[in-house]
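Per chain, numbering begins at 1; letters A, B, ... match sequence-line order. Fair warning: this is a prediction, and the values are worked out from it, not measured in the lab.
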Amino acid sequence: MEARILTDQPETPLEVDHQRAVFPEGLSLDCGAMLAPVEIAYRTYGILSAARDNAILICHALTGDQYVAETHPVTGRPGWWERMVGPGKPIDTDRFFVICSNVLGGCMGSTGPRSPNPSRPAFDAREDGDAVQELWGTEFPPITIRDMVRAQHALVRQLGIERLFAVIGGSMGGMQTLEWAATYPEMVFAAIPIATAPFHSAQNIAFNEVSRQAIFADPDWRGGRYWESGSIPARGLAVARMMAHITYLSEEALTRKFGRRTRRQNASPEASGDPEHPLSFFGEIFEVESYLRHQGSSFVLRFDANSYLTITRAMDWMDIGAEHDGDYAAPFVGTRTRFCVVSFTSDWLFPTSQSRVLVRALNRAAANVSFVEIDSDKGHDAFLLDEPDFDRTIRGFISGAAEHAGLHIGPKP
Amino acid sequence: MRLDQKLIAQMIAPGSRVLDIGSGDGSLIDHLFRERGCDARGIEIDMQEVTRSVAHGLPVVHGDADHDLAHYPDESFDYVVLQRTLQAVERPREVLRQMLRIGRHAIVSFPNFGHWELRLKLLTTGRMPNTAVWSTPWFATPNIHPCTIRDFLALCSDESYRVIDWMAIDEEGERAPWRRSIRLANLFGEQALFLLGRNEPASRDERLK
């Protein structure tokens, strides 16, 4: 099964009706374009207090989405941060009102490259005569992390919230957290950027570029207009995911999980990628290969290739000091937000050195900062995995911040 | 909280901004926040202590006195505290300068190498003294810059720091009575505790005199 993606078209992803907020007036983007209308898909958990002061916004990473603490309607898998978010969890939905939205440019219900392009009419393309709505595709305007944050801001205001108790996110979610604190400082009481950086490094841009080139090289990408033929660039997107997934782990984690173990290849000749010689070179495969192929094949079922291109590009442009001559302190001068910066020892995608750059910049801005490097061998993905020290840090920081904010919402009796 | 930390806390005006360098388990900053309404933050080199502190809701960053003070702006704090650490930093003079740049006051405690027991042991045995306070052998000690109370006062004088308050304390943190005589304090005090300020530039009237 796991090798199918290298040859076949997967089944069409399940269409699901997502909970959405609609902004007909649209959004003015960093690139100068006006994007309208804008829809933001989101989920909430817990109850907003009468004073509307207990809201926590969770920002998801590159391939995450709004289904943070519930079974995913498309994949059927548990929410991506269920171990962190829920009743009695470190982000306690008995105490806090938790919001998570799909990023602008995403493909889980928010406006993105897979949304209809309102400036283009529907046209007849198929032989059966059904009209096909033109989608944005690669014409979707280039967006930035700050544009994603502006969209979240519109959502938060529509939910009637003047001030967020906390904004939290890992990786690209951490980038959004920083943009929140820089763009709407009065609205963020506490910010928790995790396994992230105030700028995207050359190495990370390089990895993103390899991912994008893998998609471009897939003939099924069709210049970004793959939706016209009903196909998806599954091979390219899967290779992109496989490569990226390596960067989320660590050598130690890969060795621990797979070592050099091999397994017998499936009988199917396609599995070898070479139908002529099914049992020659690829008769056995390493377990790590099998694992990556599975990561690739399951990813293409839930993620849109043009969204992947759009969002990775937004990450590449992330540089919070860009408008301040590279000074990472300037965006935070005068901030009253309480920060908790978290990194992981084995994360080589967003290494601790980059968190330290952020912490020192926040110190220069005289911000109130906590900074913890969690000892973990699980690599960048550690923030999604079982790390008790990390859980304790988040729980403790949130409780401490709640005390400073004067929140007196006890857990349910 | 240790007794010497209580003495430090008493030196700090309520409602101040405080940075505790080497905040350990965070008990001083916790006390300053809860009992004295201070905006108290910590820097700690031991990551386990940092994690424990943050997990208790205390604002602590991982870092150390030698490398991280330079990143704070001038006068970010009313008090910058360095407990029992001055003798272990790489550049004590620079650390003190940074403390009095980013803070209006510096509170420094250190073990006194002029204590009679150390002097006697070195004199009689001819070997590096080993006492309750100085308990690690010379090849393993982190205390690379030991000094006496008189050495410290000489440095303060060199750097024109104002000694606002000082006391000798014993290892348990009880205030020792040798307050009036520096020489006695230097002989009998196991630890020293100093409250320093910058020597403010003379006011215009004084300069005109």
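Within a 6.0 Å sphere centred on CD of Gln48(B), other residues, nucleotides and ligands contribute 12 heavy atoms or fewer. For Asp325(A), the CG atom sits in a loose shell: 12 or fewer heavy atoms of surrounding residues, nucleotides or ligands are nearer than 6.0 Å. The 12-atom threshold is exceeded at NE2 of His145(B), counting heavy atoms of other residues, nucleotides or ligands nearer than 6.0 Å. More than 12 heavy atoms of other shown residues, nucleotides or ligands fall within 6.0 angstrom of atom CD in Glu159(B). Around the CZ atom of Arg150(B), the shell of radius 6.0 Å holds no more than 12 heavy atoms that belong to other residues, nucleotides or ligands. In Arg2(B), the CZ atom is crowded: over 12 heavy atoms of neighbouring residues, nucleotides or ligands sit closer than 6.0 Å.
Between Arg356(A) and His71(B) the shortest side-chain heavy-atom distance does not fall below 4.5 Å. The closest side-chain heavy-atom distance from Arg34(B) to Glu403(A) is below 4.5 Å. Looking at Cys340(A) and Val54(B), their side chains come closer than 4.5 Å, going by heavy atoms from C-beta outward. Side-chain contact between Asp68(B) and Asn363(A): absent, with no pair of heavy atoms (C-beta onward) separated by less than 4.5 Å. The shortest side-chain heavy-atom distance between Thr51(B) and Arg392(A) does not fall under the 4.5 Å cut-off.
With respect to chain B, the highest number of heavy-atom pairs below 4.5 Å among Asp389(A), Asp391(A), Asn368(A), Val372(A) belongs to Asn368(A). Counting heavy-atom pairs closer than 4.5 Å to chain B, the top residue among Ala367(A), Ala402(A), Ala329(A) is Ala367(A).
Both the backbone and the side chain of Val369(A) come within less than 4.5 Å of a heavy atom of chain B. Proximity to chain A (any heavy atom under 4.5 Å) is restricted, for Phe33(B), to the side chain, taken from C-beta onward. Contacts between Ile43(B) and chain A at a heavy-atom distance below 4.5 Å are absent for every atom of the residue. Both the backbone and the side chain of Ala366(A) come within contact range of chain B, each with at least one heavy atom under 4.5 Å from a heavy atom of that chain. Proximity to chain B (any heavy atom under 4.5 Å) is shown, for Thr393(A), by both the backbone and the side chain.
Here the straight-line distance linking atom CE of Met47(B) with atom CZ of Phe371(A) works out to 5.5 Å at 0.5 Å rounding. From Ser343(A), atom OG reaches atom NE2 of His62(B) across 9.5 Å, with rounding to the nearest 0.5 Å.
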